[in-house]
Amino acid sequence: MSGAEALRPDAVRRLPGRGARGAATLFLSSLFVTSAAAARAADTGLSVLRSSGRQGDAILPLTWGLLILGVVVVVVMAALVGGAILVRWRRGDAQAETRGIAVGGDGRALTWVYSGLALTAAILVVFVWWTISTLAAIDAPGDGPAMTVRIDGHQWWWEVRYAEADGSPGFETANEIHVPVGRPVRFELTTSDVIHTFWVPALGGKMDMIPGQTNQVWLQADRPGVYLGVCNEYCGVQHAHMAIRVIAQPEAEFDAWRKAHAAPAQTPAGAEAAAGQGDFMENCGGCHRVRGTRADGTLGPDLTHLASRQTLAAGMLPNTPENLADWIAHPQKIKPGNLMPDPGLAAGQLDRIHAYLLTLE
Ligand code: CUA
């Protein structure tokens, strides 16, 4: 394989679950949940039939209730229609449909209509009441000291802002949201461009991000692990590549993460990375910030601790050195339409910038 072939975007290792087959697998696996899988820590994928925490746990029974109701209605209606066809066919009453049926002329027929209306209305009232009480339950923060994370939607990534707390200064990161287990977290949701929707199925409901408005949603993860989410409102050609990872950690682990991420970037060791820092300032610093350096751009994600993230390009690629090299060389081939232009830099410059980015732990 030549060097050029090795850098082809389709040679990049993708995360599983993309494409039509991936979507079908995801859908089927979300329907057939085993209790063993559900019991594993936060192994929820994108399934809407698994939950963790106060908000997700409140929504799950309603999801099942509506799913079962829908299936029952379809089965009962199909049985009634099938039964009626069978009865007519047995009677040999082939001309019946041309004569018309006078519903009001037969007392028994009207009883069927009234009973059907009453039953439907009763079921609807029960589900309206259930839905409203679920909405009320997930709107409340829950117990324990809360924390706030601000999320700003961009085409096509998530800006994540932590306010200063417990002596740690505030800071920004992107796409991966760390939270402490068992603590209610208030998400303040805004957008910098179009409407996006913030959705982490296992943790709770969807919430729109609307230009000029701040919405909020409370979420809480009761088990440690990685909870996947997606943008749930069509927001442009890369809408499908706008993934969220909520990483729930025990309190002490979360505090250590927060402290490390509030700190500025370390000065890179090694000649290539140090030279790469200069190349980065010159070519990338207008759009990206690396705290502790001159790079102070705000158009793209904050890269201060890029190397410690799990994925690149909002969940598209695992964060490996190879994928990082491909991403900085060919962002428009990997994610067409995103705001980062193909850099058009010499191979040496790209190598140096790559070496520098790998030091941003
Ligand atoms: Cu952002 Cu769809």
Side-chain angles (χ1 to χ4, degrees), residues 9 12 14-20 22-27 30 44-48 55-56 59 138 148-162 172-179 185-219 226-247 287-289 297-303 306 309-319 323 327 331-341:
V12 169
R14 301 292 175 113
L15 287 172
R18 299 283 177 211
T25 311
L26 195 68
F27 178 71
S30 73
T44 57
L46 267 179
S47 170
V48 295
Q55 289 78 16
I59 293 173
I138 64 172
T148 298
V149 179
R150 293 201 68 154
I151 312 284
D152 196 31
H154 294 260
Q155 283 175 314
W156 293 275
W157 58 283
W158 311 87
E159 184 179 324
V160 183
R161 266 176 276 174
Y162 288 80
E172 277 175 26
T173 177
N175 304 321
E176 295 175 10
I177 306 162
H178 289 243
V179 297
V185 182
R186 179 165 158 266
F187 287 90
E188 278 184 7
L189 306 173
T190 55
T191 171
S192 287
D193 37 50
V194 299
I195 299 176
H196 304 272
T197 293
F198 182 80
W199 187 40
V200 185
L203 298 183
K206 305 164 185 172
M207 183 56 75
D208 282 348
M209 305 164 109
I210 296 166
Q213 189 173 318
T214 301
N215 283 346
Q216 70 160 22
V217 65
W218 286 95
L219 299 180
V226 179
Y227 297 87
L228 299 184
V230 285
C231 180
N232 204 69
E233 177 78 34
Y234 182 74
C235 55
V237 289
Q238 294 296 341
H239 155 71
H241 293 145
M242 200 170 161
I244 306 160
R245 295 170 99 74
V246 174
I247 298 155
C287 293
H288 294 282
R289 176 184 292 140
T298 53
L299 272 179
D302 183 303
L303 301 181
L306 172 73
R309 289 182 203 152
Q310 297 177 356
T311 64
L312 298 168
M316 272 188 89
L317 311 168
N319 189 3
N323 282 346
W327 172 248
Q332 288 303 319
K333 283 187 190 145
I334 293 171
K335 196 167 183 176
N338 90 83
L339 280 184
M340 178 159 148

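Each ligand, and each atom within it, is numbered from 1 in the order the structure gives.
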Exercise. Verify whether one side chain among Glu188 and Thr148 offers a donor that lies under 3.5 Å from an acceptor in the other.
Key: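 No, no side-chain donor-acceptor pair sits under 3.5 Å.
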Practice problem: Would you give the angle at atom 2 (Cu) of ligand 1 between Cys231 atom SG and Cys235 atom SG, to the nearest 10°? | Solution: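 Taking atom 2 (Cu) of ligand 1 as the apex, I get 120° for this pair.
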Quiz prompt | Atom name in Glu233, limited to N/O/S, at shortest distance from atom 2 (Cu) of ligand 1 | solution =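 For Glu233, the N/O/S atom sitting closest to atom 2 (Cu) of ligand 1 is O.
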Exercise. Specify which N/O/S atom of His239 comes nearest to atom 2 (Cu) of ligand 1, by atom name.
Key: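 Nearest N/O/S atom of His239: ND1.
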Exercise. To 10°, measure the ND1(His196)-atom 1 (Cu) of ligand 1-SD(Met242) angle for me.
Key: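 Taking atom 1 (Cu) of ligand 1 as the apex, I get 100° for this pair.
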Self-check item: Phe187 and Phe198 aromatic ring geometry - parallel, tilted or perpendicular at 30°/60° bounds
Solution: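 Taking Phe187 first and then Phe198, their aromatic rings sit tilted (interplane angle of 30° to 60°).
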Self-check item: Residue pair Trp157 / Ala174: nearest heavy atoms and the distance that separates them
Solution: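 Shortest heavy-atom contact: CE3-CB, 4.1 Å.
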Quiz item: When rounded to the nearest 0.5 angstrom, what is the spacing between NE2 in His154 and CG in Asn175?
Solution: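 The CG atom of Asn175 is 10.0 Å from NE2 of His154, to the nearest 0.5 Å.
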